[in-house]
Amino acid sequence: MESNAVVWFRKGLRIHDNPALDYACRGSSHIFPVFVLDPRYLHPDPSAFSLGSARAGLNRIRFLLDCLLDLDSSLRNLGSRLLVLRGHPEPASVICRILKDWNIRKVCYEFDTEPYGQARDRQVTDFARQLGIEVFSPVSHTLFDPAEVIKKNGGRPPLTYQSFVALAGKPPDPLAKTYSELPPVGNVGKVELLNIPTIEELGYRDIEQEEFSPFGGGESEALRRLNEVLKDKEWVANFEKPKGDPSAFWKPATTVLSPYLKFGCLSSRYFYHCLHSVYLTVGKHTSPPVSLVGQLLWREFFYTVAFGTPNFDQMRGNKICKQIPWKDDDKLLVAWREGRTGYPWIDAIMIQLKKWGWMHHLARHSVACFLTRGDLFIHWEKGRDVFERLLIDSDWAINNGNWLWLSCSAFFYQYHRIYSPISFGRKYDPDGKYIRHFLPVLKDMPNEYIYEPWTAPLSIQKKANCIIGKDYPRPVVVHDRASKDCRKKMGEAYAKVGSAEEEDDTAASESTTIQKRKRQT
DNA sequence: GCTCCGTTGTGGTC
DNA sequence: GACCACAACGGAGC
């Protein structure tokens, strides 16, 4: 008897440790491995501020296409293939249609915690259940089930890393299963199958950008990269995140596995498992929060809080977010976004973001602090949008979580600790090699002035072929003054924080409001 | 109400 | 590279 199963790939673009794929294969005569191309994610949007679609910059689109090509090739090696479908009018309705057309008995897809994914999957789940089709939606993108952690904590997400780690315990092992062959693909009937498009086929032509992300997508590349990392056991064992060098770019100071985790080319559980094996063989190793395992737990922490916090991605209506009267200044925002603030360290980072779609974690801190509480006092949501579009590893929960953190809106509140746009970078890279690469206009500026070129005498500027105010901008703000002003405004906003909460919700936060009132009297 | 703690500040000293 | 002063936040636990 025929028994057909669909494996719907969204994230989780891998064969290894893939419970949805594993379950689809069990007892099925045919499986249909499906990916739905979402035009909003892929097709050019000329109104966007950078090359790319409405939802993603070109680097991440390219990364996704790499992932799909690799997944298709792996499936073909197992006697199957990826069925690529057109996402009109939207991915969920396309899935509903094929469930019927292909006489599907069970549909399997990885559980997705993001609001967009939740709404999309609810449509499919409801539809399938009406038709009596089995839905299998396992948690496999994260180490833990965020809903369970929240339940363990009495219904609220833990709001500190330490309390999260105390609750979390040990994650489940990855699936050990490997395949020699998959059940054959069934008859797709009249459903149109697409090829995995190229960038050019999507309509991206005459691209002038001269440097693109050096990181290619796909499970094979993820596992190659992982094995490269694991080879250096000492490095893995001694890893301490805050000690990394943000200016290292040819050989980054971190693993750069984040984009692979984001798309699920690499299983977080498999990664965790491998790290643990290394720890066992070397004995002495670093620990969370700074260790590599600690980094995976940070990911879990943000996924959990994001899942359990309504309006996590905005200031308004977000209970854990400080209400701060951020400034609205498009000119400053654009200067930051385009790498024209006049601070070479900040601008070089923003250009690396634009060209590579990746920069070191501490570099992200520098520019996020500069945009928000450090210098420009612009809303973290604006910076979040820029990162979300341009980063190849942009991940809804983690990106929003980090912007909340850096802007001192949640999790972290020491707003007087401000990164200097001049000395922070110089500490790691006194010769400015990083700046010279990403801002070639400054390549002949002497070391002495590379972090503050506006202080160079005109004769030096001329000799370096870079006149400040003409070839490279003057600073948009004076850091010493701007940061002092920001500190003052943050202090005022913090002092007023009780009344902001009162505006948004009345009954729910009554007890905290009373506490705040007491404190004020 | 007090104390301790918090992945990743800066600028100074030794 | 390690330590300090600076200034000074909220959360958690008692």
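Convention: sequence-line order gives letters A, B, ...; per-chain numbering from 1.
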Counting any heavy atom closer than 4.0 Å, what does [X] reach on the DNA or RNA strands: base, sugar-phosphate only, or nothing?
X        : answer
A/Gln162 : sugar-phosphate
A/Ile418 : sugar-phosphate
A/Phe424 : sugar-phosphate

Side chain of [X] only, please: which of [options] is the nearest?
X        : options              : value
A/Trp405 : C/dC9, B/dT10, B/dT7 : B/dT7
A/Ser423 : B/dG9, B/dT7, B/dT10 : B/dT10
A/Tyr413 : B/dG9, B/dT7, C/dC9  : C/dC9
A/Arg417 : C/dA12, B/dG9, C/dC9 : B/dG9
A/Tyr415 : B/dT7, B/dG9, C/dC9  : C/dC9

Sticking with atom [atom1], work out how far [N] lies from [M], rounded to a whole angstrom.
N     : M     : atom1 : result
C/dG1 : B/dT7 : P     : 24 Å
C/dA8 : B/dG6 : C1'   : 13 Å
C/dC4 : B/dC4 : P     : 16 Å

Please state whether the phosphate of B/dT10, meaning OP1 or OP2, lies under 4.0 angstrom from any side-chain nitrogen or oxygen of A/Lys427. yes
Would you mind reading off the distance between [X] atom [atom1] and [N] atom [atom2], rounded to a whole angstrom?
X        : N      : atom1 : atom2 : result
A/Lys484 : B/dT10 : NZ    : P     : 16 Å
A/Asp375 : B/dT10 : CG    : C1'   : 14 Å
A/Ile398 : B/dT8  : CD1   : P     : 19 Å
A/His365 : B/dT7  : NE2   : C1'   : 9 Å
A/Arg373 : B/dT10 : CZ    : C1'   : 13 Å
A/Lys489 : C/dC9  : NZ    : P     : 19 Å
A/Phe239 : B/dT8  : CZ    : C1'   : 11 Å
A/Phe164 : C/dG11 : CZ    : C1'   : 18 Å

Answer yes or no for A/Arg225 and A/Tyr260: cation-pi contact, defined as NZ/CZ to six-membered ring centre under 6.0 Å and angle to ring axis within 45°. no
With the six-membered base ring of C/dC9 as reference, does the ring of A/Tyr494 sit under 5.5 Å away with planes under 30° apart? no
Tell which nucleotide pairs with [N], taking only Watson-Crick or G-U wobble pairs whose two distances are both under 3.5 angstrom.
N     : result
B/dC2 : C/dG13
B/dT8 : none
C/dA8 : none

Does any part of the side chain of A/Asp375, heavy atoms only, come nearer than 4.5 Å to the side chain of A/His479, both counted from C-beta? yes
So do the side chains of A/Phe263 and A/Arg14 get within less than 4.5 Å of each other, counting heavy atoms only? no
Less than 4.0 Å between a side-chain N and a carboxylate O, is that true for A/Lys488 and A/Glu492? yes
Can you check whether A/His365 and A/Trp405 have ring centres sitting under 6.0 Å from each other? no
Between A/His416 and A/Lys243, just flag the one whose closest nucleotide in DNA chain C comes earlier from the 5' side. A/Lys243
Check salt bridge (Lys or Arg N to Asp or Glu O under 4.0 Å) between A/Glu381 and all other residues, then give those that pass, not counting sequence neighbours. none
